[in-house]
Structures are given as structure tokens and as C-alpha cells.
Amino acid sequence: MSRPQYILLPVNPYFIALSLVVAFLVNLMPWGHAPAMPDFVALVLMFWNIHQPRKVGMGVAFLVGLLMDVHNAGLLGEHALAYTLLSYGAIMIHRRVLFFTLLGQALTVLPLLLLAHVVPFIIRLATGAAFPGWWPLAASFVEALLWPVISILLLAPQKRAVDRDDTRPI
């Protein structure tokens, strides 16, 4: 059984900006030291890199990464580097990812999400921080599980109806 094919409306640039701001605000929430807490900015950024690579590129990833670095009060540039590498990888595979089902997409983006967590992990260890354990890297698996939910939520405003109605303008 084939899944229905949707014709997507053009994405509103304000919706992209709003989704990145909401993801940033969710990351600002005081979750405490919850193990395997997902990075919503990385997840939303990668979604837009895959679906709209011409509108959300590596420059946006670098700027959002700098904002996360300022928020975390850590080394300036560690999230910027991680998000830029994540963005580069997502843009490189964006055509392939879209051919898979949502589960296949989640498995395909998992290595990129893991890379986005490994880079700050290695930077912190290289600068002399104590070994935090392996739980921070488990967040990439949680993000891969959240990929179908994020995809459905962020694509919903762009979907047209499958059955065309002559009384509707679109």
C-alpha cells in the first residue's frame, strides 16, 4: 500500500523563523540535569536544512550555534561548530532523506545527530573538563525518536488536501 503523496505549499519564511525561535526557547527551559535531554534547536535546524536547504543554510546554523554558546556560557563556538557540521551533513544528504519513510529518515539522520553531540563532547574533554559519562550522547537517540513528530508538526502548514475540491481556492 502506497502512502498518499502531498503537494506542499511554499514555506513561509516567518514560520521557519518562528519554529527556530520556539526550539531555542524550549532549549532555554530549566530542565536541570536530565539525562539524554534532546537538543531541539539541532533537530529543527536539521529539519529545515533537509526540507529547505536554500532558505536555511550553514550561516543560519552558525548564528544559532553562537546563540546557544552564549546561553550555555561555555566555549564560544562549540555549538556553532557542531550546528555548522550538522547543517553541512544535512544539506549533503537532503535529497536522499526525503525518499525514505519517517522511520527511515530517523535512522538516516541519527549519525548526524550523534555527530552534533560528539563535537561539543570532544571539545569539552580537550579543554580539560571532567568526563561527563555517556548520557549526553544518548540525546541523539531521543532526537531520532522525535524526528517523525517534528516532521509531522513542521510540514502540517504546508500540506494541501489530497482530494481536490473545486470550491476551494487551493
Side-chain angles (χ1 to χ4, degrees), residues 8-98 102 105-106 108-127 129 132 135-158:
L8 297 178
L9 295 169
V11 65
N12 189 343
Y14 294 115
F15 181 68
I16 294 173
L18 177 69
S19 65
L20 286 170
V21 167
V22 168
F24 183 72
L25 291 175
V26 171
N27 272 9
L28 295 181
M29 298 289 287
W31 301 109
H33 296 289
M37 190 64 208
D39 185 355
F40 291 100
V41 172
L43 195 57
V44 171
L45 181 67
M46 187 170 62
F47 173 83
W48 289 120
N49 286 145
I50 288 173
H51 287 275
Q52 297 293 327
R54 292 187 179 185
K55 293 185 179 181
V56 180
M58 292 189 309
V60 172
F62 184 78
L63 291 174
V64 172
L66 285 178
L67 287 173
M68 283 303 297
D69 288 331
V70 169
H71 162 66
N72 288 341
L75 286 172
L76 190 63
E78 79 180 41
H79 280 92
L81 176 64
Y83 288 172
T84 304
L85 290 173
L86 175 73
S87 178
Y88 177 76
I91 291 170
M92 290 301 295
I93 66 168
H94 82 275
R95 290 180 190 241
R96 276 180 269 169
V97 171
L98 296 177
L102 287 177
Q105 289 178 12
T108 305
V109 300
L110 177 62
L112 290 175
L113 293 168
L114 188 59
L115 174 72
H117 288 282
V118 166
V119 169
F121 188 78
I122 290 174
I123 290 173
R124 288 184 199 129
L125 289 177
T127 57
W135 279 109
L137 298 179
S140 58
F141 295 97
V142 176
E143 291 165 359
L145 290 174
L146 288 174
W147 178 261
V149 176
I150 294 293
S151 294
I152 290 169
L153 287 176
L154 293 179
L155 282 178
Q158 299 174 29

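Under the rule for a side-chain hydrogen bond (donor to acceptor under 3.5 Å, both in side chains), Ser140 has no partner lying at least two apart in sequence or in another chain. Qualifying ring-ring contact (aromatic ring centres under 6.0 Å, His included) partners for His117, counting only residues two or more places apart in sequence or in other chains: none. Not counting sequence neighbours, Thr108 has no partner by the side-chain hydrogen bond (donor to acceptor under 3.5 Å, both in side chains) test.
If you take CG on Leu85 and CG on Leu112, they are separated by 10.0 Å, rounding to the nearest 0.5 Å. Here Leu18 contributes atom CG and Asn12 contributes atom CG; the two are 9.5 Å apart, rounded to the nearest 0.5 Å.
When all heavy atoms of Ala116 and Ala82 are compared, the pair lying nearest together is O-CB, 3.6 Å. When all heavy atoms are compared, the tightest approach of Leu9 to Pro157 is CD1-O, 4.2 Å. Here the shortest heavy-atom pairing between His94 and Leu98 reads O-CG, 3.3 Å.
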Discussion item. With side chain to side chain contact (heavy atoms under 4.5 Å, CB included) as the criterion, how do Val70 and Leu76 come out once you've worked through the C-alpha distance, each side chain's angles and the decisive distance to 0.1 Å?
Written reply: CA-CA 7 Å; Val70 169; Leu76 190 63; 4.3 Å; yes
Donor-acceptor contacts under 3.5 Å from residues 52-67 side chains, at least two apart:
| unit_1 | atom_1 | unit_2 | atom_2 | d |
| --- | --- | --- | --- | --- |
| Lys55 | NZ | Val11 | O | 3.4 |

Under 3.5 Å, which donor-acceptor pairs link side chains of residues 144-152 to any protein atom two or more places apart or in another chain?
| unit_1 | atom_1 | unit_2 | atom_2 | d |
| --- | --- | --- | --- | --- |
| Trp147 | NE1 | Gln105 | OE1 | 3.0 |
| Trp147 | NE1 | Ser151 | OG | 3.4 |
| Ser151 | OG | Trp147 | O | 3.0 |

Just distance, no hydrogens or angles: give the donor-acceptor pairs under 3.5 Å from side chains in residues 20-29, sequence neighbours left out.
| unit_1 | atom_1 | unit_2 | atom_2 | d |
| --- | --- | --- | --- | --- |
| Asn27 | OD1 | Phe40 | N | 3.0 |
| Asn27 | ND2 | Asp39 | OD1 | 2.5 |

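A distance-only check finds a donor-acceptor pair linking the side chain of Asp69 to the backbone of His79 [under 3.5 Å]. The backbone N or O of Met68 sits nowhere less than 3.5 Å from a side-chain atom of His71 that would complete a donor-acceptor pair.
The only option from Leu113, Val97, Val41 that meets the side chain to side chain contact (heavy atoms under 4.5 Å, CB included) definition with Met46 turns out to be Leu113.
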